[in-house]
Amino acid sequence: MSVTVKEKNASAEVKNLIDKSVSLNPAVISIRKEALEAFQKLGLPDKKAEEYRHTPITSLLQRDFDYDALLSKPSDLDPKEYFIPSVKGNIIVLINGVYSSAHSSVISPADEVHITNLSEALAGGDTMALEHFAKYADVKSDAFTAWNTASWNHGVFIRIPENAIVQTPILIYHIHDARAGQVMSASRNLFVIGRHSEVTIIEKFDSAGLSHHFSNTVTEAVVSENAHLELYSIQNDAGSRYQVGLTHIHQAGSSLVNTFTFTLNGKLIRNNLQLSLDGEGIESHMFGLYLITDDTVADNHTTVDHRKPNSFSNEIYKGIMDGNSKGVFNGKIYVRPQAQKTNAFQSNKNILLSDKATVNTKPQLEIWADDVKCSHGCTTGQLDSEALFYLQTRGINKETARAMMLYAFAIEVLNNVKHAELKTYIDQLVSERLHTNF
Amino acid sequence: MSKDNQVLEELTSKEYEHGWTSDLETDSAPKGLSEDIIRFISTKKNEPEWLLDWRLDAYRQWSKLKEPTWPNISYPAINYQDLIYYSAPKQKAKPKNLEDIDPELIKTFEKLGISLTEQKRLTGIAVDAVIDSVSVATTYKDTLAELGIIFCSFSEAVQEHPELVKKYMGSVVPVNDNYFAALNAAVFTDGSFCYIPKGVRCPMELSTYFRINAANTGQFERTLIVADEGSYVSYLEGCTAPMRDENQLHAAVVEIYAMKDAQVKYSTVQNWYPGDKNGKGGIYNFVTKRGLCFGDGSKISWTQVETGSAITWKYPSCILKGNNSMGEFYSVAVTNNYQQADTGSKMIHIGNNTKSRIVSKGISAGHSQNSYRGQVKIMKRAENARNFSQCDSLLMGDQCGAHTFPYIDVENKSARVEHEATTSKIGEDQIFYCLQRGIDEESAVALIVNGYAKEVLNQLPMEFAVEAQKLLALTLEGSVG
Amino acid sequence: MLSIKNLQAKIGDKQILNGINLEVKAGEVHAIMGPNGSGKSTLASVLAGREDYEVVQGEVEFQGQNLLDMAPEDRARAGVFLAFQYPVEIPGVSTINFMKTAVNQILKSRGQQPLDAVSFLKIMKEKMKLVDIDQSLLNRSLNEGFSGGEKKRNEIFQMAMLEPKLAILDETDSGLDIDALKIVAHGVNKLRTKSNAVIVVTHYQRLLDYIIPDFVHVLYKGKIVKSGTKDLALELEAKGYDWIKDEVAVA
């Protein structure tokens, strides 16, 4: 827990933000205060912090950001060029972490989907928002979560009532306008999916300009009994992006959650994904694909917490590292004493393409129940030169052969994307990357 | 915590209770750890100046280090100033006849397959030694000497072969490697030394038997094995301790240095007293074991069967420096009652075409916590490194825990690293199948557990393997309700 | 030898056996047939002592002893053998080691001396011939990676080794091709004597071409609804089970 001048600045920054948030519901104020205290106690993680040992986020924040010169002016950016043209749906836009009603449009019927700025929902006394806000993301164990909880001002609140099968996906575009200087944002989202409902939420991260920008987002999702959530995160932003994001999904009995995390670019991307399986008969799938090059660091820390019996979780993360890039994976599976008959599986596979690329992986099983089936596996290797040669002997040039094989490696994740247009879009993104950058 | 502190309190106050007789006082160091105590130990052992300096350096480094908090174990804080670091109760402990010897010790010798006549003589030596270390090879010293093999106690090696000790001691585990290794370097009392000369294949298994016997004393022994070019040795280590209500600290260091094409196989059956069924007593076992595959084509293989200790903190490792060198780790770790084990291996690949293999089988029963912690690191310049790791956990009962913490760090693209882990329980249908064939439940569990651990047990020398199987069954007795 | 009276058993809340009555004498072969879910395998499991099933009512006497009071291993030691429908795999434990443990524990329970390795191997080699099983198979981990036929042959091999008084074959024919079926049946027939008995639990008549039963019972909804000779089995093969169901419905 090193205390440097820069970190003190960060804490002071957080303090300022909290002081500005007086208009909010008093219950939220106390949560912010607690979070601030937790942040001050934790401090930003140093090199020795187990959870960040391969991800030098604190030193990069110190080196690459000037806290006194952060942009605070509203942005006049037109976000449309970042939209996925082929995927129609409800559109929510956050620019520099600020909820933009002007660019957002909800097309689903009001009795199916309810979307507002989270701060408005809380200020307006929305009972659902007040009931669930900050109940799941733990401020005491992670400094970034504490920072976010103490300092956020905007974010998306999605409420899906009971028995609503939402046909059109909800797209959240997180855009940073770093054209005029450095930007930092801390947005906060809350998704509450009612019983027996179904919804697809797609988050995409982009930026304009070349200045460094850092976003610290926290998303809490509550998936009620028998509800179904498909959650996508597409991270293909510029190489000047720094990101720490926590998504905590709290699942009730018989619910189904599929998460997808695609990391294709960025300077340092740290995804914390936590699933709490707090009911029986739950099914959870976590898919991840990181295709990185240059000096990108892509760090996925996932946790599956089996708290009740008879649930199933499966995790498949795959990574291809080229250039100077670094892939980090830590997958925790907890099976609590009462979570008998749990089935939990995890797999992490990596390919290193260059001499300077590295991977650090730590699959972690912690089991306190005896009647369970759990396994994890991870591999690191390079492309099979025999197979590559085989393709070449059939007249395929080396570059194509290589791309084909890398694509084949990635397909296990891609094939699980349910939304057809989205699948085509991501497929294209991945193919292009594999052909041109690798 | 306070209750545990009480236990420790008892440990230290009982020292007086036991009351060393006055004629032994000269052979015990006063309580506590300081440079004076280290000088005391060094003088007692008639050590050369350089070794005292080495110890003092270790002590100074240790003073700056912090006790590790990352292992998945919990125990009351150890007051290092409340321990005795040197105790040699020669007169008192020397057994007059076989009946005077701790029956546990006799039993263990029987388990190790040492004949009774030999045993009579050897136990005499064993109890005489501070660490009660006994080497079968003493019997064959002449035979071994003809081949140029040196096998003796560490103290003897310091006196007889100072140049070898000086050269290799600390070359694999530096004095400041970790908290417990530094502590050991400062205060170690004895241990084993072994040197196999160039091209010699040691014709017999060398065996060291560690026994914590004296109460209320920290136990620190040190083993150094040097295998010169093209040599081979298989080394066995067994350990037990008497049942005592207090916790006892054991912090050992084992270093293996393998030169070009040398092969060392190191097998351990660790059966330190694990405490009683309520978690009272037992050994705190903090051990640093590391092998350096220094030369090309060298190979070091660790096999361990761990059934004992209240707390186990141990990661036998291989540094694969030489090209084409190879490291292996085979482990069965059983925890029952309130035992805690945080154990595993490290394979550090530095040379080209280095290979490593980890097979770890954890078995948790009772209220125990069993953690596998391991690291496979492929350094940037290690071309074509290969590792395969298999870490399985078996749970018996719903009060215990199994944890797996593998760290896999790859910095070279040509590496191929595979890690697999599974967790399962003994199937009720497996037990029923055995019952239906007339096998009782205890035997059924033993059968299934031994089957589960077979891949590791197969690595042990024959007599050891049989013993290990019995130990497994014994440790798990009554753990299936 | 075996006398079952009004046996009722349930698993969880579900009652599966609804009052079975059956008398088996030494030297007899009884076939128990019935549609899926009629309780055939449950009966076999209850007789062997599987804990999942709770006996609600009734008695089972085996050679003058109350079988239901006995632990599964004691039943085995008294001479009850169950050839499993799905033999269990035990990794790392060879069939030889497994059988040696079983044979010696049974001998010990009878106050007899355990077999030394040589005499055990001698007996084993004799019994291997019965089911045409190769020793290399017995050296492998118990049932691990065995084909369906190999597993079933291994069951009969174990039966030969343990020489039970009462052998219960639970769907031993399922999943076997005709050659494997013949080998298994041949093994069972060789083991038949005047002093032991066999209960063959099966869905199909096929196996009964090779193991000729003295009696055939039809189990339906947890009760024996019809008993007869081997002709009944043929009739069932020709007409299926529906007419039995109809008969029961009418009754």
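Predicted model, so just to flag it, every value in this text is computed and none were measured. In what follows, chains are A, B, ... by sequence order, proteins preceding strands, each numbered from 1.
Proximity to chain B involves both the backbone and the side chain of F98(C), based on heavy atoms less than 4.5 angstrom apart. With a threshold of 4.5 angstrom between heavy atoms, P87(C) approaches chain B through its backbone and through its side chain. Heavy atoms of L162(C) lying under 4.5 Å from chain B belong exclusively to its side chain. Only the backbone of Y452(B) comes within less than 4.5 Å of a heavy atom of chain C; no side-chain atom from C-beta onward does. Heavy atoms of R75(C) lying under 4.5 Å from chain B are absent altogether.
Aromatic ring pairs are classed by plane angle as parallel below 30°, tilted from 30° to 60° and perpendicular above 60°; the pair H403(B) and F405(B) is parallel.
For Y266(B) and W302(B), the ring centers are positioned less than 6.0 Å apart.
Contacts with chain C (heavy atom to heavy atom, under 4.5 Å) involve no residue of residues 387-395 of chain B.
Atom OG in S45(C) sits 4.5 Å away from atom OH in Y53(C) (nearest 0.5 Å). Atom-to-atom distance recorded for L22(C):CG and I32(C):CD1 is 5.5 Å, nearest 0.5 angstrom. Atoms SG and CG, from C400(B) and N337(B) in turn, are 11.0 Å apart once rounded to the nearest 0.5 Å.
Between chain C and the options N450(B), L457(B), D440(B), L447(B), the largest number of non-hydrogen pairs under 4.5 Å is found for D440(B). When each of E89(C), E73(C), M161(C) is checked for heavy-atom pairs under 4.5 Å with chain B, E73(C) comes out on top. For the set R437(B), K454(B), Q430(B), the entry with the most heavy-atom pairs within less than 4.5 Å of chain C is R437(B). Your options are C434(B), A453(B), G451(B), A444(B), and the one with the most heavy-atom pairs under 4.5 Å with chain C is G451(B). The choice from M99(C), E155(C), M159(C), E51(C) that makes the most heavy-atom pairs within less than 4.5 Å of chain B is E155(C).
Paired with R373(B) under the rule side chain to side chain donor-acceptor pair (under 3.5 Å), one option of T343(B), N72(B), D342(B) passes, and it is D342(B).
In summary, E171(C) and K152(C) do not engage in a salt bridge, as defined by a charged side-chain N under 4.0 Å from a carboxylate O. Using a 4.0 Å cut-off between charged side-chain N and carboxylate O, E418(B) and R357(B) make no salt bridge.
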Using side-chain contact (heavy atoms from CB on, under 4.5 Å), reason through E328(B) and K299(B) one step at a time and then give a plain yes or no.
CA-CA 8 Å; E328(B) 291 179 331; K299(B) 180 179 172 185; 3.6 Å; yes
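With sequence neighbours left out, T101(C) forms a side chain to side chain donor-acceptor pair (under 3.5 Å) with no residue at all.
Within the cation-pi definition used here (under 6.0 Å to the ring centroid, within 45° of the axis), R153(C) does not qualify as a partner of F157(C).
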